[in-house]
Amino acid sequence: MNVSTAGITPPSLFPRPVLGSTPMPVQNLNAELNGPQLEAVTTLEGPVLIIAGAGSGKTRVITYRIAHMLERGIPQHAVLALTFTNKAAREMESRVKELTGRKLQSLTVSTFHAFGVKILREEIEVLGYRKNFSIYDETDRNQLIKDSLRECKVSPDGVDLYKLGQVFSSVKIGALRWGEGANSAFQPVYDEYQQGLKIFNALDFDDLLALPIELFETHPEILEKYRRRYRYIMVDEFQDTSFIQYQLMKLLADQNICVVGDDDQSIYSWRGANYENILMFERDFPGTREIKLEQNYRSTSTILEAANGVISNNTNRKEKTLWSGNGGGKPIELFHPQNESEEADFIAARIRELRIQEQLRYEDFGVLIRTNSMTRNIEEAFLAENIPYRVSGGTSFFQRKEIKDVLSYLRVIANHDDDVNLLRIINTPRRGIGKTAVMELSELAKKNGSGIWAALDAFNRAAAHGQGTFGDLDPLFQDKGRLEIDGFIALIEGFREEILGRKNSLSRNVRSLVDKIDYWSYLVTEHSKNDKVARWKFLNIDSLIRSIETWENNPDTADTGLYAYLNRVSLITGSDDGPEEEGLGKVNLMTIHASKGLEFPVVFIAGAEDGIIPHSRSVEEGGDIEEERRLFYVAITRARDKLYITSCLRRKKMQGADESSPSPFLAEIPGHLIEYHEGEKKVENGEAEDYFALIKSKFA
């Protein structure tokens, strides 16, 4: 039966009930969808490529399309919808249930990897595995790699197991070949690793895609079975598919295959995404019907014109022009603060101002950054303005391990009875007070009804007088252990006297503390296989100390003591990055990568500087400048009503501050859309087409 309805306006659509309730009135597709959306929803036969621009209602089209299939009589079990995250799969299934009022017990909405597991649970025995296979996580995989190295008479010492695992992964998915990008010296280790997986009846994450492909290629009768079962296939976020995911989809699909994506939003090449799959699709599926969704329901015309101006400079893309019926909108405001501290202060102050003036909630604001390392100054500014926020796509500066370690020392110095922070630092850096000793100390404290510090101090005093009266603790601490305890207590008490006595500034004392415990050596030891991580973490500590110094030197800081500082930090180191004002939510501070798929009434893009956007590594060693431009395009199109962009004149790098140049992408935004500011002062000719020359002149 040919169920294609392309070009036909159906008399009615499925009901839109809430499950378990009386069905809602029948809707009409024409009332729900625009022309291209209607075409995408009703074209069910043959290969279909839907190019869905940012904010064009992609999810709506996908869910309506699945619901329309079911309404036209296509069985649930014949439909397969593939996406990239479990959250997206759950949302898609939930929306189809809401549209159709059906339980959808036979519909398959899944991630690629979960679908691979589903196939393998049914068919893996023909490949020599048992159906009750295990799936190894990274820890299990690294242990097996280590064992495989030993089996091949190669010492695992000095081998970066993570990097070697990445090589194995690239070989397995076909991204590398031995002798062609992959060091053939490790091929015997890889073979041993593969044999080990089979012996232990285990799969790694890549096997969840690689083995279904092997299964289909070596057993055509099984492939045909699944082709008959899944006669209608849909793939969401197609621009993010990797080569191996495309291979699996290509094998499985017959003709009724629909892929939905936007090559302009392909920003994940670092995890295997290949935007060229869109071009391959048209080649591999002749007669593909291409449908473009170009009407944006999210942003104003100003924001879309800016986005179009930027992305049009990419050459490897499908031509499209987003447009909006939302009106012209407010100009894009471009600010050039002196440095990252002034940038953060501007963002925080403007959020506070707009929230009151425009009656907005905190959750209406999105602050987008290129890298997670840029959060610290913005978090500090939010703290100063009492602005609640959450960090997505990375870790809050104040939640990073190295920062929490230093803050834990300060909290124990301020309050010896803080057991949580004491336990964190008692053996960090390592000082011979192991887990067993800590457990016994905890039991002693519980028995005496005291804190762990009191138990530690009591044991130390008794030991100093030759009194071995602490039972199981005595053999745990021989001479070296007792010296370590004595040294730890002396360290805390010494800095308590220094800091509370205010003989020096708090920032200076914290720097002395970090030096005294030799935290740098601890980081080097902990990250011996990657000294870049150790350096990065130590620079974070330096940033913390400099932020304390800035706080101390702020004329608005009434009390620069330890307790005042810790109270201040506690506002943002609490659960989920601080409290939420009732009904207002939290500002969204996130990397641009994490913002994909989201939208906010007001967006700030921070750090629009050359070397950050585009990132310096994108222009080194043949990096992909077009992907960096796509990333900037994604950032712009997160904004619904208002967009602010900041580009610092100077930015701290390592120990110094270097002059910064504006991002070259700023020059690609049509000049008449920009309102240019120098500090808080609007530059009257900022709307001129040659505004970028004006920006450049600031560095002359």
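None of these values were measured; they are calculated from a predicted model.
- Between atom CG of residue Asp204 and atom CG of residue Asp140 there is a gap of 10.5 Å, rounded to the nearest 0.5 Å.
- Here the CD1 atom belonging to Ile541 is positioned 5.5 Å from the CG atom belonging to Leu523, to the nearest 0.5 angstrom.
- A salt bridge links Glu609 to Arg651: at least one charged side-chain nitrogen sits closer than 4.0 Å to a carboxylate oxygen.
- A donor-acceptor pair under 3.5 Å is formed between the side chain of Tyr246 and the backbone N or O of Met280.
- Checked against the 6.0 Å centroid criterion, the rings of Tyr190 and Trp178 qualify as a close aromatic pair.
- The aromatic rings of Tyr230 and Phe115 sit perpendicular to each other, their planes meeting at more than 60°, with 30° as the lower class boundary.
- Ion pairing between a basic and an acidic side chain is recognised when a charged N comes within 4.0 Å of a carboxylate O; Glu628 and Arg370 show such pairing.
- Ionic pairing of Glu122 and Arg229 is present here: one or more N-O contacts between side-chain nitrogen and carboxylate oxygen are shorter than 4.0 angstrom.
- No donor-acceptor pair under 3.5 Å is formed between the side chain of Ser392 and the backbone N or O of Ala594.
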Practice problem: May I have the step-by-step check of side-chain contact (heavy atoms from CB on, under 4.5 Å) for Met92 and Asp236, ending in yes or no? | Solution: CA-CA 10 Å; Met92 189 184 300; Asp236 186 20; 4.0 Å; yes
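- The aromatic rings of Phe281 and Phe238 sit perpendicular, their planes meeting at an angle over 60°, well past the 30° parallel limit.
- Between the Ser595 side chain and the Leu598 main chain, no donor and acceptor come within less than 3.5 Å of each other.
- A side-chain donor from one of Arg629 and Asn314 sits under 3.5 Å from a side-chain acceptor of the other.
- Nearest heavy-atom pair, Ala89 versus Val109, reported as atom, atom and distance to 0.1 Å: O-CG1, 3.5 Å.
- Without hydrogens or angle criteria, Arg630 side chain to Ser266 main chain gives a donor-acceptor distance under 3.5 Å.
- Checking each of Asp206, Asp191, Asp207 against Lys172 for a salt bridge (charged side-chain N to carboxylate O under 4.0 Å, His left out) leaves exactly one that passes, namely Asp207.
- Between Ser110 and Thr108, the side chains place no donor N or O within less than 3.5 Å of an acceptor N or O (distance only, hydrogens not considered).
- Here OG of Ser543 is found 5.0 Å from CZ of Phe397. Values are rounded to the nearest 0.5 Å.
- Looking at Lys58 and Gln265, their side chains never come closer than 4.5 Å, going by heavy atoms from C-beta outward.
- Side-chain N or O atoms of Arg227 include one that pairs as donor or acceptor with a backbone N or O of Ala253 at under 3.5 Å.
- Residue Lys250 qualifies as open at atom NZ: its count of foreign heavy atoms under 6.0 Å is 12 or below.
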Self-check item: Trace of the side-chain contact (heavy atoms from CB on, under 4.5 Å) decision for Ile66 with Leu107
Solution: CA-CA 10 Å; Ile66 295 173; Leu107 179 70; 4.2 Å; yes
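- Annotation for Lys225: atom NZ counts as buried by contact number, over 12 foreign heavy atoms lying within 6.0 Å.
- Taking 4.5 Å as the limit, some side-chain heavy atom of Asn132 sits within range of a side-chain heavy atom of Asn201.
- Side-chain contact of Tyr389 with Glu379: a donor-acceptor pair under 3.5 Å is present, judged by distance alone.
- Environment of NZ in Lys516: sparse, with no more than 12 heavy atoms of neighbouring residues, nucleotides or ligands closer than 6.0 Å.
- A salt bridge between Arg317 and Asp264 is present, with a side-chain N of the basic residue lying under 4.0 Å from a carboxylate O of the acidic one.
- For Phe243, the CZ atom counts as loosely surrounded, since its 6.0 Å shell holds 12 or fewer non-hydrogen atoms of other residues, nucleotides or ligands.
- For the atom pair CG of Leu149 and CZ of Phe186, the computed distance is 6.5 Å after rounding to the nearest 0.5 Å.
- The shortest side-chain heavy-atom distance between Met249 and Val259 falls under the 4.5 Å cut-off.
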Self-check item: Residue pair Glu526, Arg430: steps toward the salt bridge (Lys or Arg N to Asp or Glu O under 4.0 Å) verdict
Solution: CA-CA 10 Å; Glu526 290 294 300; Arg430 303 186 191 283; 3.1 Å; yes
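- When side chains are defined from C-beta on, Ile625 counts as touching Pro614, because their heavy atoms get closer than 4.5 Å.
- Distance alone, capped at 3.5 Å, is enough to place a donor-acceptor pair between the Ser170 side chain and the Gln166 backbone.
- A distance of 9.0 Å separates NZ in Lys537 from OH in Tyr522, rounded to the nearest 0.5 Å.
- Although no hydrogens or angles enter the test, the distance criterion places a donor-acceptor pair under 3.5 Å between the side chain of Glu626 and the main chain of Thr315.
- Looking only at side-chain heavy atoms (C-beta outward), Thr375 and Ile369 come within less than 4.5 Å of each other.
- Taking the six-membered ring for Trp and thresholds of 30 and 60 degrees, Phe538 and Trp520 have ring planes more than 60 degrees apart, a perpendicular arrangement.
- For the atom pair Leu164 CG and Asn183 CG, the distance stands at 9.5 Å (nearest 0.5 Å).
- Under a 3.5 Å cut-off, the side chain of Thr428 and the backbone N or O of Ile425 do not form any donor-acceptor pair.
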Practice problem: Start with the C-alpha gap between Glu123 and Tyr226, add the side-chain angles, then the distance that decides, and say whether side-chain contact (heavy atoms from CB on, under 4.5 Å) holds. | Solution: CA-CA 11 Å; Glu123 312 290 350; Tyr226 283 93; 3.1 Å; yes
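- Of the charged side-chain nitrogens involved, none lies within less than 4.0 Å of a carboxylate oxygen, so that Asp518 and Arg431 do not count as a salt-bridged pair.
- For the pair Asn421 (side chain) and Arg411 (backbone), a donor-acceptor distance under 3.5 Å is absent.
- Lys404 places none of its side-chain heavy atoms less than 4.5 Å from the side chain of Phe398.
- Between Arg511 and Asp515 no salt bridge is recorded (no basic side-chain N to carboxylate O distance below 4.0 Å).
- Geometrically, Arg121 engages Phe133 in a cation-pi contact defined by less than 6.0 Å to the ring centre and at most 45° from the axis.
- Taking a cutoff of 4.0 Å between a charged side-chain nitrogen and a carboxylate oxygen, Lys318 and Glu282 qualify as a salt bridge.
- With hydrogens and angles disregarded, a donor-acceptor distance shorter than 3.5 Å links the side chain of Gln239 to the backbone of Asp262.
- Electrostatic pairing of Lys401 and Asp405 counts as a salt bridge here, judged by a charged N lying under 4.0 Å from a carboxylate O.
- In this structure, the side chains of Arg390 and Leu589 stay at 4.5 Å or more apart for every pair of heavy atoms.
- Taking 4.0 Å as the cut-off between side-chain N and carboxylate O, Arg283 and Glu276 do not count as a salt-bridged pair.
- The side-chain heavy atoms of Phe205 and His113, taken from C-beta on, include a pair separated by under 4.5 Å.
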